Amino acid sequence: ASEGGLAGLLVDGIMGDIYELIQGSSDRWEIRFLFKAWFELWASSYSRLWIDDGNALHMRFGDRVFRYHAKAVGELQKAEVRGGSAADAVPGVIAQIVFIDQTLAEMQLAEAYAAGASPDRIAKAEAALADAYASLADDRPDDAIEHFRTAWREATWGIQRR
């Protein structure tokens, strides 16, 4: 991924945190779930999905990042349920992933406003963001990420098809 920005937070921060949780765990199932989450995040860090300074996604392929993150959160939730040594740290890691996706969606919506995107697409993106915030309030981060993905895609389509 790119060296800085949100991509840097992903690679240098979150993936490192998960690696440390793997090292500290003795439960093989917890380790498996943590590794699967780490792998999904690694896949999302592929440089062709990110552009420029690591704070924006490629307009054609960027929505894959959200899919990888939703899968990672699902694996982290499985690790948390195990109740092992990583259980207390998992919610903080999930919150960091959600922060990245929320920021990406909000920045893309701001870009859509600035570019004079289709009002219909902007309205759909805003509705998806509202759904994401509702999912977060209901403690469903994986659903929130899917809604952030929808918001990002709608904003992107609005930019591309003005």
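From a predicted model like this one, the values you see are computed outputs, not experimental measurements.
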Just to verify, what does [X] make a side-chain contact (heavy atoms from CB on, under 4.5 Å) with, not counting sequence neighbours?
X: L9; value: F99, I100
X: E20; value: none
X: A89; value: L21

Rounded to the nearest 0.5 Å, what separation is found between the [atom1] atom of [X] and the [atom2] atom of [Y]?
X: S118; Y: E154; atom1: OG; atom2: CD; answer: 9.0 Å
X: I22; Y: D17; atom1: CD1; atom2: CG; answer: 11.0 Å
X: I14; Y: S45; atom1: CD1; atom2: OG; answer: 11.0 Å
X: L76; Y: L41; atom1: CG; atom2: CG; answer: 7.0 Å

Please state whether the rings of W42 and W38 are parallel, tilted or perpendicular, taking 30° and 60° as the class boundaries.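 The arrangement is parallel - the two ring planes meet at less than 30°.
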Tell me the closest heavy-atom pair linking [X] and [Y], and the distance in Å.
X: I145; Y: H69; answer: CD1-O, 4.0 Å
X: A105; Y: F66; answer: N-CZ, 4.5 Å
X: N55; Y: G5; answer: OD1-CA, 3.2 Å
X: L49; Y: A43; answer: CD1-O, 3.8 Å
X: W152; Y: Q108; answer: CD1-CB, 3.4 Å
X: I31; Y: S25; answer: CD1-O, 3.4 Å

Single-linkage hydrophobic cluster I97~V81, side-chain heavy atoms < 4.5 angstrom: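 Looking at the clustering, V81 is in a separate group from I97.
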Checking E30 now: which residues fulfil salt bridge (charged side-chain N to carboxylate O under 4.0 Å, His left out) with it, not counting sequence neighbours?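 In terms of salt bridge (charged side-chain N to carboxylate O under 4.0 Å, His left out), with neighbours along the sequence ignored, E30 is linked to no residue.
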Taking only residues two or more places apart in sequence or in another chain, which ones pass salt bridge (charged side-chain N to carboxylate O under 4.0 Å, His left out) with R64?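 Residues passing salt bridge (charged side-chain N to carboxylate O under 4.0 Å, His left out) with R64: none at all.
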Contacts of type ring pair (Phe, Tyr, Trp, His ring centres under 6.0 Å), residue Y68, not counting sequence neighbours: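 By the ring pair (Phe, Tyr, Trp, His ring centres under 6.0 Å) rule, Y68 matches no residue at all.
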Going by the rule ring pair (Phe, Tyr, Trp, His ring centres under 6.0 Å), which residues pair with Y19 if we only count those two or more places apart in sequence or in a different chain?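 So Y19 forms no ring pair (Phe, Tyr, Trp, His ring centres under 6.0 Å) with any residue.
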I'd like to check L57 versus I51 (side-chain heavy atoms, cut-off strictly below 4.5 Å). Are they in contact?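 No; the side chains remain at least 4.5 Å from each other.
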Would you check if H147 and Y133 make a side-chain contact, meaning some heavy-atom pair closer than 4.5 Å?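 The answer is no, as the side chains (C-beta and beyond) never meet within the 4.5 Å cut-off.
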Fellow cluster residues of W29, listed by chain then number, with links counted only when side-chain atoms sit under 4.5 Å apart: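 Taking Ile, Leu, Val, Met, Phe, Trp and Tyr as members, W29 shares its hydrophobic cluster with F33.
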Which residue pairs satisfy the salt bridge (charged side-chain N to carboxylate O under 4.0 Å, His left out) criterion with at least one member in [range], sequence neighbours excluded?
range: residues 71-84; value: D27-R82, K36-E75, E75-K78
range: residues 101-117; value: none
range: residues 41-50; value: none
range: residues 132-150; value: D63-R149, D138-R140, R140-D143, E146-R149

So among L104, D131, L129, which one has a side-chain contact (heavy atoms from CB on, under 4.5 Å) with F148?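 Going through L104, D131, L129 one by one, the side-chain contact (heavy atoms from CB on, under 4.5 Å) with F148 is satisfied by L129 alone.
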